[in-house]
Student: 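One structure is given below, represented as structure tokens, and several questions about it will come after.
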Amino acid sequence: MKLATWNVNSLTVRLPQVLDWLASNPVDVLVLQELKLTDDKFPAQAFAQAGYAAHCFGQKTYNGVALLSRTPATEVVRNIPGFADDMARVISAEVSGVRVIGGYFPNGQAPGSDKFEYKMNWLKGLRHWVRAELVSHPKLVLMGDFNITFDDADVWDPVGLKDTIHCTEEERYHLRALISLGLHDALRLFPQPEKSYSWWDYRDFGFRRNHGLRIDHILVSNALKPLVTSCAIDRTPRKNERPSDHAPVLVELL
DNA sequence: ATGCCTCAGCTCCTGAGA
């Protein structure tokens, strides 16, 4: 079973690239973030023609997530039960016996801002929900755009970006707290190239200079960890014309 | 430089992203 996550930064703009990528990478499950479109504009038909059932949780202008799967997804849940949120950030479902959660974590803008406080509250709400989900669904994958780096290895300039957004100790505390629930950073279960990032700034030739961050993650539960056979970031779509600023991340389970 | 690039929208500028 192959699963992947990709922040597409507007599905309207990126749909052809997503379809091309799925043709080359026929994963079983793909979660998408930053659709930036409403449900009525979601291209369900195009995904159906590509062999995918799709569930959308859209929103105008910002946010918006979707879950695509080759076999039908059941028990679809939108956002975090028990955490009131105006923004469309989470979609989860059961696929082939695995609980899949796709998330677009808040950006947070800057430490000390209202948006940062919202990010902290959102992370707490997510954690409490995922803790319960792990009890009822031991085989669980939590993946998406976390907007948090684990440590300096995920940052192209750890000195210059120390304590800036995505790199603060408060954010990393919440990420470690998620891991402590019984989850594992799938990418680091395997050797990776130095400076493996999943996002590069559009400005200043960020991708060409590999000035990036690893903020898109796939976390697998204790029960799934022994089944993980590979995990990788696919940089190739970042070389497209008009690319998303994020690259997809893939994991393979036995 | 509170910028640089990209996207959406109350679209020819602004807010937000990361």
Side-chain angles (χ1 to χ4, degrees), chain A residues 5-18 21 31-43 56-66 85-90 102-120 122-123 126 143-175 187 195-218 233 235 237-249:
Chain A
T5 176
W6 193 4
N7 178 325
V8 292
N9 184 16
S10 170
L11 186 57
T12 305
V13 174
R14 234 65 69 187
L15 178 63
Q17 295 184 40
V18 175
W21 189 83
V31 290
L32 301 172
Q33 301 90 39
E34 281 207 89
L35 307 183
K36 298 185 175 181
L37 51 71
T38 45
D39 289 352
D40 57 303
K41 299 206 168 65
F42 183 75
C56 177
F57 183 28
Q59 186 178 327
K60 189 178 176 181
T61 312
Y62 303 114
N63 312 309
V65 289
D85 196 350
D86 292 335
M87 304 189 196
R89 295 189 173 280
V90 183
Y104 173 50
F105 291 38
N107 172 294
Q109 204 162 59
S113 68
D114 290 349
K115 288 174 181 175
F116 191 85
E117 187 180 354
Y118 162 71
K119 183 176 193 173
M120 297 303 107
W122 189 95
L123 287 163
L126 176 75
M143 58 183 172
D145 176 0
F146 284 56
N147 271 319
I148 307 175
T149 56
F150 275 94
D151 52 38
D152 287 353
D154 291 342
V155 183
W156 71 274
D157 180 10
V159 174
L161 295 175
K162 184 175 168 56
D163 297 329
T164 62
I165 197 66
H166 313 119
C167 304
T168 68
E169 183 51 37
E170 282 175 270
E171 293 166 278
R172 288 173 175 175
Y173 160 79
H174 282 284
L175 188 48
L187 199 86
K195 304 181 189 298
S196 287
Y197 307 128
S198 66
W199 171 87
W200 301 262
D201 203 308
Y202 283 124
R203 299 169 293 188
D204 281 340
F205 304 101
F207 182 68
R208 184 173 64 68
R209 300 158 81 180
N210 199 27
H211 288 183
L213 303 174
R214 187 172 74 104
I215 51 176
D216 300 87
H217 305 297
I218 299 179
I233 298 167
R235 299 163 55 103
R238 193 63 174 75
K239 300 169 187 168
N240 292 341
E241 265 185 62
R242 292 186 82 188
S244 169
D245 41 358
H246 295 255
V249 186

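The structure presented is a predicted model; accordingly, all values stated were derived computationally and were not measured. Letters go in sequence order (proteins before strands), and every chain restarts at 1.
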Student: Which nucleotide sits closest to the side chain of A:Gln109: B:dC4, B:dA16, B:dC10?
Tutor: B:dA16
Student: Hey, what do you get for CD1 (A:Ile165) to NZ (A:Lys115), rounding to the nearest 0.5 Å?
Tutor: 11.0 Å
Student: Mind checking if A:Asp216 touches a base, just sugar-phosphate, or nothing, with heavy atoms under 4.0 Å?
Tutor: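 Counting heavy atoms under 4.0 Å across all strands, no contact is made by A:Asp216.
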Student: In residues 146-158 of chain A, which ones come under 4.0 Å of DNA chain B, going by heavy atoms?
Tutor: A:Asn147
Student: Which whole-number value in Å describes the distance from A:Arg203 CZ to B:dC7 P?
Tutor: 14 Å
Student: Just to be sure I understand the rule, does A:Lys119 reach a base, reach only the sugar-phosphate, or reach nothing, if contact means heavy atoms closer than 4.0 Å?
Tutor: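 No contact.
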Student: Would you mind classifying the nucleic acid contact of A:Tyr197 as base, sugar-phosphate or nothing, using non-hydrogen atoms under 4.0 angstrom?
Tutor: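 Counting heavy atoms under 4.0 Å across all strands, no contact is made by A:Tyr197.
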Student: Over how many whole Å does the gap from A:Leu161 atom CG to B:dG17 atom P extend?
Tutor: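 Result: 18 Å.
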Student: Is A:His211 touching bases, backbone alone, or none of the nucleic acid, heavy atoms closer than 4.0 Å?
Tutor: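 If one applies the 4.0 Å heavy-atom cut-off, A:His211 turns out to touch nothing in the nucleic acid.
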Student: What's the gap between B:dG15 and B:dC10 when it is taken at their P atoms, as a whole Å value?
Tutor: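 Comparing P positions in B:dG15 and B:dC10 gives a spacing of 14 Å.
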Student: Distance check: side-chain N/O of A:Asn107 vs OP1/OP2 of B:dA18, anything under 4.0 Å?
Tutor: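 Looking at the OP1 and OP2 atoms of B:dA18, one of them is under 4.0 Å from a side-chain N or O of A:Asn107.
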Student: Please name the residue in the list A:Asp216, A:Asp245, A:Asn7 that meets the side-chain hydrogen bond (donor to acceptor under 3.5 Å, both in side chains) test with A:Trp199.
Tutor: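 Of A:Asp216, A:Asp245, A:Asn7, side-chain hydrogen bond (donor to acceptor under 3.5 Å, both in side chains) with A:Trp199 is met by A:Asp245 alone.
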Student: Using the C1' atom as the point on both nucleotides, what is the distance between B:dT11 and B:dT6, in whole Å?
Tutor: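 14 Å, rounded to whole Å.
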Student: Answer with base, sugar-phosphate or nothing: what part of the nucleic acid does A:Asn7 contact at a heavy-atom distance below 4.0 Å?
Tutor: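 Result for A:Asn7 = sugar-phosphate.
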Student: With rounding to whole Å, what would you report as the distance between B:dA16 and B:dA1 at their P atoms?
Tutor: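 Those two atoms are separated by 24 Å.
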Student: Just by modelled atom types, is the A:Pro248 backbone N or O under 3.5 Å from a matching donor or acceptor in the A:Arg238 side chain?
Tutor: no
Student: Return the nearest nucleotide to the side chain of A:Tyr202; candidates are B:dC7, B:dT6, B:dA18.
Tutor: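 Closest nucleotide to the A:Tyr202 side chain: B:dT6.
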Student: More 5' along DNA chain B: A:Thr61 or A:Asp245, using each one's nearest nucleotide?
Tutor: A:Thr61
Student: Using the P atom in both, what is the distance from B:dT14 to B:dC4, to the nearest Å?
Tutor: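 Approximately 12 Å lies between the P atom of B:dT14 and that of B:dC4.
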Student: Hey, which of A:Asp154, A:Thr149, A:Asn147, A:Leu187 is the one that makes side chain to side chain contact (heavy atoms under 4.5 Å, CB included) with A:His217?
Tutor: A:Asp154
Student: Looking at A:Lys36, does any N or O in its side chain come under 4.0 Å of the phosphate oxygens OP1/OP2 on B:dA16?
Tutor: no
Student: Among the candidates B:dA8, B:dA18, B:dC4, find the nucleotide nearest to the side-chain atoms of A:Asp204.
Tutor: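 For A:Asp204, the side-chain atoms sit closest to B:dC4.
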Student: So, does A:His246 get its side chain near the phosphate of B:dG17, meaning an N or O under 4.0 Å from OP1 or OP2?
Tutor: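 Negative; the distance criterion is not met.
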Student: Do the rings of A:Trp156 and A:His211 sit parallel, tilted or perpendicular, given the 30° and 60° boundaries?
Tutor: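 Parallel.
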Student: Using a 4.0 Å heavy-atom cut-off, does A:Leu37 contact any base of the nucleic acid, only the sugar-phosphate backbone, or nothing at all?
Tutor: nothing
Student: Any idea which of B:dA16, B:dC4, B:dC7 is nearest the A:Tyr62 side chain?
Tutor: B:dA16
Student: How many angstroms lie between atom CZ of A:Arg89 and atom CD of A:Gln59, to the nearest 0.5 angstrom?
Tutor: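 So the gap between those two atoms works out to 8.0 Å.
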Student: Do the rings of A:Trp6 and A:Trp21 sit parallel, tilted or perpendicular, given the 30° and 60° boundaries?
Tutor: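 Rings of A:Trp6 and A:Trp21: tilted, as their planes differ by 30° to 60°.
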Student: Below 3.5 Å, can you tabulate the donor-acceptor pairs from side chains in residues 35-43 of chain A to any protein atom, sequence neighbours excluded?
Tutor:
{"unit_1": "A:Lys36", "atom_1": "NZ", "unit_2": "A:Asn9", "atom_2": "OD1", "d": "2.8"}
{"unit_1": "A:Thr38", "atom_1": "OG1", "unit_2": "A:Asp40", "atom_2": "OD1", "d": "2.6"}
{"unit_1": "A:Asp39", "atom_1": "OD1", "unit_2": "A:Gly58", "atom_2": "N", "d": "2.6"}

Student: Could you walk me through whether A:Tyr118 and A:Met87 satisfy the side-chain contact (heavy atoms from CB on, under 4.5 Å) test, starting with their C-alpha distance in whole Å, then the side-chain angles of each, then the deciding distance to 0.1 Å, before giving a yes or no?
Tutor: CA-CA 11 Å; A:Tyr118 162 71; A:Met87 304 189 196; 3.7 Å; yes
Student: So, is A:Ser10 near the phosphate of B:dA8, with a side-chain N or O under 4.0 Å from OP1 or OP2?
Tutor: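 Yes, within the criterion.
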Student: Determine the interatomic distance between C1' on B:dC12 and the same-named atom on B:dC7; round to the nearest Å.
Tutor: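 Those two atoms are separated by 15 Å.
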Student: Less than 4.0 angstrom between a side-chain N/O of A:Arg14 and OP1 or OP2 of B:dT6, yes or no?
Tutor: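 Looking at the OP1 and OP2 atoms of B:dT6, neither is under 4.0 Å from any side-chain N or O of A:Arg14.
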Student: Compare side-chain N and O positions of A:Arg242 against OP1 and OP2 of B:dC7 and report whether any pair is under 4.0 Å apart.
Tutor: yes
